Number of protein chains: 2
Amino acid sequence: MKETSKISNAVIRRLPRYRRLLKELMNKGTERISSNEMSALIGYTASQIRQDLNNFGGFGQQGYGYNVAMLHDQIGLILGLDQSYKMIIVGSGNLGQAIANYATYYKTGFQVVAMFDVNPKLIGISINGIEVQDYENLDSYLASNQIDIGIICTTKSSAQEVASCMSNFGVRGIWNFAPVDINVDEDIVVENVHLSDSLNTLVYYISNNQKP
Amino acid sequence: MKETSKISNAVIRRLPRYRRLLKELMNKGTERISSNEMSALIGYTASQIRQDLNNFGGFGQQGYGYNVAMLHDQIGLILGLDQSYKMIIVGSGNLGQAIANYATYYKTGFQVVAMFDVNPKLIGISINGIEVQDYENLDSYLASNQIDIGIICTTKSSAQEVASCMSNFGVRGIWNFAPVDINVDEDIVVENVHLSDSLNTLVYYISNNQKP
DNA sequence: TAGATTGTTAATCGATTAACAATC
DNA sequence: TAGATTGTTAATCGATTAACAATC
């Protein structure tokens, strides 16, 4: 795996999509696939697919194409899906619960290990085997547990405070669902899921009768 | 508003972010802002901000900058947020409920008008004043109600069927939360929110110790 | 071997940044 | 008026596509 030059974000964001396609093909029993066939299924050019993959190594074979299962697994390795990740969810309303219940985790290395909320109606209830704790406990919990990923499902107004707290206690990455851009230390990765931005974008294309 | 050449997707996806920033500034009472000041707050270059905005018209004034409230409203118009949108949610589990409860709608033109599910435990319950209907009713509901946006919060396996149904009955856009890429008519816009892809991307940066 | 398809270099295209004249 | 800042053109940078020699 080539680690020298920085891989562009555009390439990284296509990797999960490739992997999803390959998983589907595995389920159908497909053993090999060419970049041309992938192109027809996924909509990127064959050239781009080969270019993307060759950022990380030569996974194909001339005259044959790519082995589906092998390429699927290699992309998993590139993404870091061979490792396991401890996650906490702060904000345990519907969205937090939806994420806690997300079935895909159990097949992979993701583990929700704690949930928090300020709402007395939610504190104490159990979501998928995890008891929702009082948000007051967040500091002490983080102080005594090494967490990889902090998930923010709070309101806009609490998001920055939560992010700072996570950052202080050495969380490695933040998955932010609050509709606000948070500021944290340079060495912490933030992935934003801005649902309202997504809906606004959809509406642009609807109201302007365009295709993206 | 210039409608001639097609605006790139990258530009469109920045618009909601500009609008969010401007809203915050309005709340703080800021009346005017220059592209340079926006740049410091949002992280894009001043040049890019001016370039982006000038795709749609000259909203600024030399020597002054931009009027915050006016620019906020103009971006709303560009996005189509002056219109109202009727939405239905198919799949009324935690995620569907989270979206139904999303408070931002009420301030804007978005209306959730119906929800559906196959689960007998969910059918009949009321989410934010909307009763969850049997999924069996989806066809007849769509036949007699003009819906703008269909929201898919089902499992992967039902998503395509739901999308096709929405498409047949003239839904204008689909907001897809199922972890699968759906195929619909050319004239229907699909906005995907692939949470697993998003998490995978986060994990890439964590495990490779990189910044996006 | 002949055919197929990759890996990789070169060409093109599009998006971002820089620069500056226009003008408030 | 002088200073500030836009709108817009030109330059640069990066990402995508095309082409083809290498090779299975």
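Letters A, B, ... mirror the listed sequences (proteins, then strands); counts begin at 1. Scope of the values below: all heavy atoms of this structure, side chains included, with no hydrogens, waters or symmetry mates. It should be emphasised that the depicted structure is a prediction, and the values quoted were computed from it without experimental measurement.
- Remark: B/Tyr44 engages B/Tyr18 in a ring pair (Phe, Tyr, Trp, His ring centres under 6.0 Å) (not counting sequence neighbours).
- A salt bridge links A/Arg20 with B/Asp181: the closest approach of a Lys/Arg side-chain nitrogen to an acidic carboxylate oxygen falls below 4.0 angstrom.
- Applying the side chain to side chain contact (heavy atoms under 4.5 Å, CB included) rule to B/Asp82 yields the partners B/Leu77; only residues at least two apart in sequence or on another chain are considered.
- For the ring pair (Phe, Tyr, Trp, His ring centres under 6.0 Å) test, residues two or more places apart in sequence or in another chain that qualify with A/Tyr141 are A/Phe116.
- For the pair B/Met70 CE and D/dT6 P, the computed distance is 13 Å after rounding to whole Å.
- The ring pair (Phe, Tyr, Trp, His ring centres under 6.0 Å) check on A/Tyr66 picks up nothing, with sequence neighbours excluded.
- To the nearest angstrom, C1' of C/dT6 lies 11 Å from CG of A/Leu53.
- Atom CD1 in B/Ile49 sits about 13 Å away from atom C1' in D/dT5, given to the nearest Å.
- The stretch residues 19-41 of chain A comes close to DNA chain C through A/Arg32, A/Ser34, A/Ser35, each having a heavy atom under 4.0 Å from the strand.
- Regarding A/Asn54, its CG atom lies at a distance of 12 Å from the C1' atom of C/dT5, rounded to whole Å.
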Would you give a per-nucleotide map of nucleotides 15-24 of chain C, 5' to 3', where B means the base has a protein non-hydrogen atom under 4.0 Å away, S means only the sugar-phosphate does, and - means neither?
-> SSBBB--BBB
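- Remark: A/Ser158 engages A/Thr155 in a side-chain hydrogen bond (donor to acceptor under 3.5 Å, both in side chains) (not counting sequence neighbours).
- Annotated stems with DNA chain C as a participant read C:3-24 with D:3-24, given as range with range, by first number; only runs of 3 or more Watson-Crick or G-U pairs under 3.5 Å qualify.
- Residues satisfying the side chain to side chain contact (heavy atoms under 4.5 Å, CB included) criterion with A/Ala69, sequence neighbours excluded, are A/Met26, A/Asn67.
- Residues satisfying the side chain to side chain contact (heavy atoms under 4.5 Å, CB included) test with A/Arg32, not counting sequence neighbours, are A/Tyr64.
- Within the model, atoms NE2 of B/His194 and OG1 of B/Thr201 stand 11.5 Å from one another, a figure rounded to the nearest 0.5 Å.
- Taking atom CG of residue B/Asn55 and atom C1' of nucleotide D/dT8, one finds them 12 Å apart after rounding to whole Å.
- Applying the ring pair (Phe, Tyr, Trp, His ring centres under 6.0 Å) criterion to B/Phe59, with sequence neighbours excluded, gives no partner residue.
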Show every donor-acceptor pair shorter than 3.5 Å between a side-chain atom in residues 83-91 of chain B and any protein atom, with sequence neighbours excluded, or say none if there are none.
{"from": "B/Tyr85", "atom 1": "OH", "to": "B/Gly80", "atom 2": "O", "distance (Å)": "2.7"}

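- OP1 or OP2 of D/dG7 lies within a sub-4.0 Å distance of a side-chain N or O belonging to B/Tyr66.
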